[in-house]
Undergrad: 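What follows is a structure written as structure tokens; I'll ask about it next.
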Number of protein chains: 4
Amino acid sequence: MSRVSQPTLCRPEGKSVDEQRTSRKRRANGEESRRRILDAAVEVAVERGYDGTSIALVSKKSGLPASSIYWHFKDKDELIAAVIERSFGTWLALWVLPEGDGPRERFSALATLIGKALLDSPDFLRLGLMLTLERRPVEASARRMFLQVREQACRQVAATLREVVPELPDESVALLTTYAMAAADGLFIAKEIGGDSVDLVALFELHAHSLYDTAVRLSAPGRP
Amino acid sequence: MSRVSQPTLCRPEGKSVDEQRTSRKRRANGEESRRRILDAAVEVAVERGYDGTSIALVSKKSGLPASSIYWHFKDKDELIAAVIERSFGTWLALWVLPEGDGPRERFSALATLIGKALLDSPDFLRLGLMLTLERRPVEASARRMFLQVREQACRQVAATLREVVPELPDESVALLTTYAMAAADGLFIAKEIGGDSVDLVALFELHAHSLYDTAVRLSAPGRP
Amino acid sequence: MSRVSQPTLCRPEGKSVDEQRTSRKRRANGEESRRRILDAAVEVAVERGYDGTSIALVSKKSGLPASSIYWHFKDKDELIAAVIERSFGTWLALWVLPEGDGPRERFSALATLIGKALLDSPDFLRLGLMLTLERRPVEASARRMFLQVREQACRQVAATLREVVPELPDESVALLTTYAMAAADGLFIAKEIGGDSVDLVALFELHAHSLYDTAVRLSAPGRP
Amino acid sequence: MSRVSQPTLCRPEGKSVDEQRTSRKRRANGEESRRRILDAAVEVAVERGYDGTSIALVSKKSGLPASSIYWHFKDKDELIAAVIERSFGTWLALWVLPEGDGPRERFSALATLIGKALLDSPDFLRLGLMLTLERRPVEASARRMFLQVREQACRQVAATLREVVPELPDESVALLTTYAMAAADGLFIAKEIGGDSVDLVALFELHAHSLYDTAVRLSAPGRP
DNA sequence: AATGAATGAGGATTCATTCAT
DNA sequence: AATGAATGAATCCTCATTCAT
């Protein structure tokens, strides 16, 4: 049967450059086709959601027949899961606290970074949010993949918070983490809705600032 | 031919009482069918999105044949628009700043209110966000309706901000409004993802607090 | 949704004549379409088996689009089940022991009748045997339907045996019934293979004769 | 290109021992693959028939890629023909009248043997009957092969009849042969349907007995 | 002696929608 | 105020087969 790829969450999808240059030059046409299919799939999925992503459309955009898509991916669900998987690297790479002077500045720099990232490669989040908003339990793998990645991002945020404001109690860290992620999601959506009238960078700076203040406030002994 | 409802944003769907008295029993049955269709449609739309909402499914859930759905609604687009329209009243009613003591308290009370609202009738926001995240220009009326409602909510938030922190400059109001709405959206999604582990009320309180602090900070003359 | 017919095993499919003449003359076009689909389906199923019966082919033969077939039948399985159901009446009607002189003669007459029946309307048995030879547990309803009908035929044979040779012990009745049915099936197949070179009527006469003799032998006290 | 086997009806597939000695280890692996494919193919064909036997399924069951199947067999038709061919030896070997005392006993012994055979390796007959029941002229070679084998079996039965009841006239031999084969087929099917509730051995004994009686009757001068 | 990749045709089924009644 | 019936286009996916390696 077909060689369907199992989602290898940890392959950071950047190795393929030298692979292509090495031995399996022409033999590895499969790799190239797979890429083309994925490219087409992101494009479609991002603008139409799960149900709106038809194999026929992906086939047209990728130039490969529908049956070839099924050679590379077991079904639509796994195709979309692979799409999500692929943006994983790009996305997660950003969640590293940049070196910097004071905690506040570093925090702010991170926020700016994320804001910019959302502008440049928003596919991952957009698709993930789409899948999340739908309630049905089907299309399991795609959704699961998104949630895994998101979970990892959450841990990163929590770590950053703890690093920057060490005396913050654990429940506060949890609360703030959720809040930080949520606002990030929301700002992404706001940008979608408002378009150019929304200054994402300014908003993320605001977010970072307010987050920091709140963290400090919550770490101080006397307050509700 | 059929009496298709144009989306009258301001008819809060409860006035139908006198309609019923006017045209008498004859129409009562039609109204009931329409309601059943809408009920079924929300259920489906909420868990599958626009493309996933098939007339056949709505037909099955409502118990009425597909052709009857087309008697009540011009097409799928208008059906979903109607679904959104219906949650309008419920939703907008919440965005009234409750009477209260100090500005901070009133602010906080509002936030709590919204948090609770999201728990009780989340269909409106969920559906709207779904439509928003898709990039293509289909399902025009439904999307437009959602954005109108959202716009109205934004104005309400802005007004509240101005009322509570009068000296806030206009750009800051705009920025903060966007931020406030975004965070609300994000928190809603966080609740979807996290389920019971997410304390929506606490988060909204945190949100209100941090928003208020930020507003005060931004209204003060000297600050970054 | 569609009005999919539940298999009413006991409607002997002969009433439809006056129905057509009465009220729902033009309204009952559905009935007519259903019939056309079934006609086409027997034709195809009989010469290609279950898997070979494609909806597209049935659609072409019946002149109705594939989607219309799905209005009348839930899926392929139910279509074929309906096909089997329809030949039920024709087929079962034969299994009545004709009036006649001695038991041997009546037995023989029945056999002749069945032999002739197999020549005239072999669809039921052919399809049923096809389904039976396939081992998979799917396509449930079609297969189940055949087995039900067959079961009924078995009871008829057993009753006839008991009537003709009353002193036959119960286990012998069971054994002979199975044997009688089996040989009938086999003779049908032999006719399929041998074509004109096979004299089905003569074979069934032989069968009846040998069956009768065996029954008599088994009912006699002394022998294995 | 590929070494596709033409159906050599008489190579009973066991002789490959010397082949192995001739061309040595090199080909052993090919032979093994071929066997695995055939094993998988019987399994599938037996439970789904000709149309239901997909190369993909055979590929999955055998663990070999579809393209490898095409190296060993020209097409699906020849694959199934090979499947049937393989059961040939096993099956035909049974049709030898065992040595024994009286004609009646030898007859009975043969029947018992066949009954047991049907229980042990029913694939051949099942597949053959499946192919026979379909009316269209496809899968030519497989069908032809089955009919050849069956023809041979018929000759064997006829010979046995003549040997056991020498004075039987020729037309009676033909008729009885057809009848004997038909009943055997039918009993096989009965076993399929009835499962454990069907005592195949007892039925075949009954069959042999009744066949013998009938033969004797037909060979006697005075009878209807 | 294989096999990874590809492919066009066709598989069943569902789609949104219409129309006569 | 409905609804039974129909329908063409689209859905996802599998088919048998080929070919370069």
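Numbers restart at 1 for each chain; the letters A, B, ... are given by sequence-line order, proteins then strands. What you see below is based on every heavy atom in this structure, not just the backbone, and it leaves out hydrogens, waters and symmetry mates.
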Undergrad: Nearest-Å distance, CD1 (C:I80) to P (E:dA12)?
TA: 10 Å
Undergrad: List for me each residue that meets salt bridge (charged side-chain N to carboxylate O under 4.0 Å, His left out) alongside C:D75, sequence neighbours excluded, and say none if there are none.
TA: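 With neighbours one apart ignored, the set is empty.
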Undergrad: So, taking the atom named CD1 in C:I37 and the one named CZ in C:R35, what distance separates them when rounded to the nearest 0.5 Å?
TA: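 C:I37 atom CD1 to C:R35 atom CZ measures 11.0 Å (nearest 0.5 Å).
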Undergrad: Given that D:G52 and A:G52 both sit by DNA chain F, which one's nearest nucleotide is further toward the 5' end?
TA: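 Per heavy-atom nearest nucleotide, the more 5' residue is A:G52.
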Undergrad: Return no unless some side-chain N or O of B:S54 is found under 4.0 Å from OP1 or OP2 of E:dC15.
TA: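 Yes, such a contact exists.
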Undergrad: Of all heavy-atom pairs between D:A66 and D:I55, which one has the smallest distance, and what is that distance?
TA: CB-CG2, 3.9 Å
Undergrad: Rounded to whole Å, please give me the gap between CD1 in B:I55 and P in F:dA6.
TA: 21 Å
Undergrad: Which string of ( ) [ ] | and . matches DNA chain F, if you list each base 5' to 3' and count Watson-Crick or G-U pairs only when both distances are under 3.5 Å?
TA: .||||||||||||||||||||
Undergrad: Closest approach of A:H72 and A:G30, non-hydrogen atoms and distance?
TA: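 Result for this residue pair: CE1-O, 3.3 Å.
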Undergrad: So which one's nearest nucleotide on DNA chain E is more toward 5', B:T53 or A:G63?
TA: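 So the residue in question is A:G63.
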Undergrad: Would you mind reading off the distance between D:K76 atom NZ and E:dA9 atom P, rounded to a whole angstrom?
TA: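 Checked: the NZ to P distance equals 19 Å.
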Undergrad: Would you kindly give the CZ-to-P distance between B:F73 and E:dT17, to the nearest whole Å?
TA: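 Rounded to whole Å, this separation is 14 Å.
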Undergrad: Should the pair D:D51-D:K76 be classified as a salt bridge under the 4.0 Å nitrogen-to-oxygen rule?
TA: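 No, this pair does not count.
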Undergrad: Which of these nucleotides, F:dC15, E:dC19, F:dC13, is closest to any side-chain atom of A:D75?
TA: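 Taking heavy atoms from C-beta onward, the closest nucleotide is F:dC13.
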Undergrad: In whole angstroms, how far is the C1' atom of E:dA12 from the CD1 atom of C:I69?
TA: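 Value for this atom pair: 11 Å.
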Undergrad: Would you indicate which nucleotide in F:dC13, F:dA6, E:dT17 comes nearest to any side-chain atom of B:A66?
TA: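 Of the options given, the side chain of B:A66 lies nearest E:dT17.
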Undergrad: Examine E:dG4: is either OP1 or OP2 under 4.0 Å from a nitrogen or oxygen in the side chain of A:N29? Give yes or no.
TA: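 For E:dG4, OP1/OP2 do not have a side-chain N/O of A:N29 under 4.0 Å.
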Undergrad: Under the salt bridge (charged side-chain N to carboxylate O under 4.0 Å, His left out) rule, collect the residues that match up with C:K61, sequence neighbours excluded.
TA: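 Partners of C:K61 under the salt bridge (charged side-chain N to carboxylate O under 4.0 Å, His left out) test: C:E43.
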Undergrad: Without decimals, in angstroms, what is the distance between B:R48 CZ and E:dC15 C1'?
TA: 13 Å
Undergrad: Does B:S33 make a side-chain N or O approach to OP1 or OP2 of F:dA2 shorter than 4.0 Å?
TA: yes
Undergrad: Please state how far atom CH2 in C:W71 lies from atom C1' in F:dA5, giving the value in whole angstrom units.
TA: 6 Å
Undergrad: At less than 4.0 Å, is any side-chain N or O atom of D:S68 found next to OP1 or OP2 of E:dT3? Yes or no.
TA: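 True: D:S68 side-chain N/O within range (under 4.0 Å) of E:dT3 OP1/OP2.
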Undergrad: Hey, is D:R34 close enough to D:E31 for a salt bridge, meaning N to O under 4.0 Å?
TA: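 Answer for the salt bridge query: no.
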Undergrad: Is D:S67 near enough to E:dA2 that one of its side-chain N or O atoms lies under 4.0 angstrom from OP1 or OP2?
TA: no
Undergrad: Determine: side-chain N/O of C:Y70 to OP1/OP2 of E:dT14, distance under 4.0 Å, yes or no.
TA: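 No, because none of the side-chain N or O atoms of C:Y70 sits under 4.0 Å from OP1 or OP2 of E:dT14.
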Undergrad: Let me see the working for D:T53 and D:V83 under side-chain contact (heavy atoms from CB on, under 4.5 Å), right down to the final yes or no.
TA: CA-CA 12 Å; D:T53 299; D:V83 162; over 6 Å; no
Undergrad: Under 4.0 Å between a side-chain N/O of A:H72 and OP1 or OP2 of E:dG4, yes or no?
TA: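 No, A:H72 has no side-chain N/O under 4.0 Å of OP1/OP2 on E:dG4.
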Undergrad: Roughly, in whole Å, what's the span from OH in B:Y50 to P in E:dC15?
TA: 14 Å
